[in-house]
Amino acid sequence: MTWQKNWTRLMRAGLACATLAALPLSFGGLLLATDAAEAQTPTRGGRLVVARPADSSVWDPKFTNDTNTIQSQYQIYTTLIQNSEDGLQLRPSLAESWELSPDSRTFTFRLRANAKFCDGSPITAEDVKFSYERAMERDSRVTWQFPASPVIETPDPRTVRITLNRPNVAFVSYLTLWGSSVLSKAYTERVGVEEMGQKPLGSGPFCLARWNKGQSVVLARNPHYWDPERPYLDEVELRVMPDENAAMLQLRAGQIDVALSVPHNQFRALSGASGIAVKRTNLYASASFVPNVRAIPAFRDVRVRQAMLAALDRQAMVEAVLFGNGQPVQSPFYGAGLLFHTTDFAVPYDLERAKKLMAESSFPQGFSARVTIPSGDDMANQMAVIVADQLARIGIRLQIQPTEPGTILQMRASGQFEMFYKLGSNTVIDPAMNIPFDFWSREEGGTDSAFSGYRNDELVRLSKEAEGEQDPAKRTALYREFQRIAMEEVPQLYLLHPSVVYATRSNVRGFELYPTRTFRFWDTWKTR
């Protein structure tokens, strides 16, 4: 059975439940009718300068879990398949075709004959096997992206066969994630893991030309990329600019071409600026605070967690932080655009109920805790301030601890935190993608429920059963029960689904920051 038929069948198991996220809104930089045809015809060459809030931390997908690094790695590495811009479809990438067995356990991929690394060496099935097996090693931070214990075989240099120990209708979509990036086995073994993480050999549309840590990344076109038409650009510079206002000044002056992060309060003002297009996209993403139930006894009391969530006026948070352009989280799934999402078990703001729950808890007088947030992240800081103020009303004293993002990754992995800020996103619309990360133990291939230590055996059972269920009605019922239990248990302090504002110069074409929180420089070009 071909991948097209299988994917259509599997998507029918959920598309009836899906509501698409809003398409990007665009203002400013309007084109005259006479310019439209020229603007839609890609032109080759040129250099794109992009402002982003933080640098990459490492170039080894095995040890990656932060957004800025993931976004960079998608530009230099290839995966077997890629998702469409809206996350609704799977499309060929390194694999030109693939087949799924009727029981959703065996996946066979046929690689492109002309696929090569940045040094011109061929990409083979053995490179895929090597990349996946090291990503599943115990010290990896992306083991949760490989559920059902995959066994990888390479019948020939262009064929990869993956067999799971149980059915998983969502597994093929996992292979679009950064953990499935294809590395060169020969290069990694020759230079070693440490050097590979600093000086990677790309397999995707771009190669890493230079990395001035903390300041900039320069990407150059991969001359050996399998698609001869892409990328259009010769070079992309990712410039680290944590000061968003400074980035806006450079955008207006034409010193940068793209600003990946624009303050929400500047959306309308910037939309009227000459030569600039400003856009807003609703993300498949959830912002939450993750409590460490191992370290803080209060967090082990479900009544405390329930009280904390009920005490938060999250709609007010959306208005204050996002100027109304977002939604309160009403499900453990990352947005209303995802399959099977329901608001039926949403927890409303109810301060009196929150006080009652705290009074009935093991900590009626309240307690103190620290929440760790990324330094320089304005949205995280604003939410932390609001959450601290609202939790103080039920006796919980929250101390805000800004910390360098790389340090936070280490703190999470080692469990050395009390509560941390998490902004998770879906790159496909199937909620199965993030469930192992948020709800499974390390032994099951997860991250100990987002490093929190939370455990609910029924949630694990339901999610594993739903993974392999091909009947749409049964899968819907399983995920409905999953959401009911999760919203009652409150393993994370669910906050909001954000939107993102970004801007480009009007001569930039083909660039979008998608609801999946990804972008594609290989589809981008500049008009003269």
Side-chain angles (χ1 to χ4, degrees), residues 1-11 61-62 73-74 76-84 89-137 140 142-143 145-190 200-205 222 224-228 230 428 445 467-468 470:
M1 184 178 290
T2 64
W3 68 267
Q4 291 99 332
K5 291 179 181 178
N6 270 276
W7 183 243
T8 299
R9 171 175 56 81
L10 298 182
M11 290 300 287
K62 178 181 178 180
Q73 289 180 5
Y74 271 131
I76 73 161
Y77 291 121
T78 192
T79 49
L80 284 178
I81 54 179
Q82 62 182 333
N83 57 285
S84 61
Q89 301 176 39
L90 296 178
R91 295 175 177 170
S93 185
L94 173 60
E96 61 184 7
S97 63
W98 64 93
E99 295 180 354
L100 283 66
S101 63
D103 64 357
S104 299
R105 287 190 55 214
T106 302
F107 305 76
T108 304
F109 299 87
R110 185 66 174 168
L111 306 189
R112 297 180 187 275
N114 64 337
K116 297 180 180 180
F117 292 102
C118 282
D119 64 355
S121 59
I123 301 175
T124 69
E126 195 61 35
D127 293 306
V128 177
K129 176 180 171 67
F130 167 78
S131 301
Y132 287 10
E133 289 183 343
R134 74 183 297 270
M136 290 187 283
E137 292 171 350
S140 170
V142 293
T143 54
Q145 297 179 18
F146 296 88
S149 303
V151 174
I152 299 102
E153 299 173 286
T154 56
D156 62 63
R158 288 184 56 200
T159 303
V160 176
R161 182 182 300 122
I162 302 175
T163 304
L164 309 180
N165 65 6
R166 63 177 183 272
N168 189 323
V169 298
F171 179 78
V172 68
S173 67
Y174 285 66
L175 301 181
T176 68
L177 302 180
W178 69 95
S180 299
S181 296
V182 177
L183 313 176
S184 167
K185 178 182 179 181
Y187 178 78
T188 304
E189 292 180 341
R190 183 172 74 251
L201 178 63
S203 56
N222 179 359
H224 309 290
Y225 187 51
W226 61 263
D227 184 348
R230 292 177 175 79
V428 293
E467 274 186 344
Q470 298 188 32

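Keep in mind it's a predicted model, so treat the numbers as computed, not measured.
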Problem - Trace of the side-chain contact (heavy atoms from CB on, under 4.5 Å) decision for R91 with T176 - result: CA-CA 9 Å; R91 295 175 177 170; T176 68; over 6 Å; no
Does any part of the side chain of [Y], heavy atoms only, come nearer than 4.5 Å to the side chain of [X], both counted from C-beta?
X	Y	answer
T79	L175	no
S104	E467	no
P200	Y77	yes
I81	W98	yes
T124	K129	no
F109	I162	yes
L80	L111	yes
K62	L183	no

Check whether [X] reaches the backbone of [Y] with its side chain - one donor and one acceptor, N or O, closer than 3.5 Å.
X	Y	value
S131	V182	no
S84	Q89	yes
T108	E99	no
T188	S184	yes

Between [X] and [Y], which heavy-atom pair has the shortest distance, and what is it?
X	Y	value
A135	G179	CB-O, 3.7 Å
A115	L94	CB-CD1, 3.3 Å
Q145	Y174	O-CD2, 3.3 Å
F117	P122	CE1-O, 3.6 Å
A186	D127	N-OD1, 4.5 Å

Test of understanding: with side chain to side chain donor-acceptor pair (under 3.5 Å), list the residues that count as partners of [X], not counting sequence neighbours.
X	answer
R158	E96
Q82	none
T163	none
T78	S93

Problem - Ring centers of F107, F171 separated by less than 6.0 Å - result: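 Close enough - the centres of the two rings lie under 6.0 Å apart.
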I need the [X] [atom1] to [Y] [atom2] distance, nearest 0.5 Å.
X	Y	atom1	atom2	value
Y74	W178	OH	CH2	6.5 Å
D119	N222	CG	CG	9.0 Å
R166	S149	CZ	OG	6.5 Å
F146	S140	CZ	OG	7.5 Å
S173	L90	OG	CG	6.5 Å

Problem - Partner set under side-chain contact (heavy atoms from CB on, under 4.5 Å) for E189, not counting sequence neighbours - result: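 E189 satisfies side-chain contact (heavy atoms from CB on, under 4.5 Å) with F130, K185 once adjacent residues are dropped.
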Handout entry: Contacts of P155 that satisfy side-chain contact (heavy atoms from CB on, under 4.5 Å) - sequence neighbours left out
Key =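 Only T159, R161 meet the side-chain contact (heavy atoms from CB on, under 4.5 Å) criterion with P155.
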Problem - No-hydrogen, no-angle side-chain donor-acceptor test under 3.5 Å, S181 and Q73 - result: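 No - no donor-acceptor pair under 3.5 Å links their side chains.
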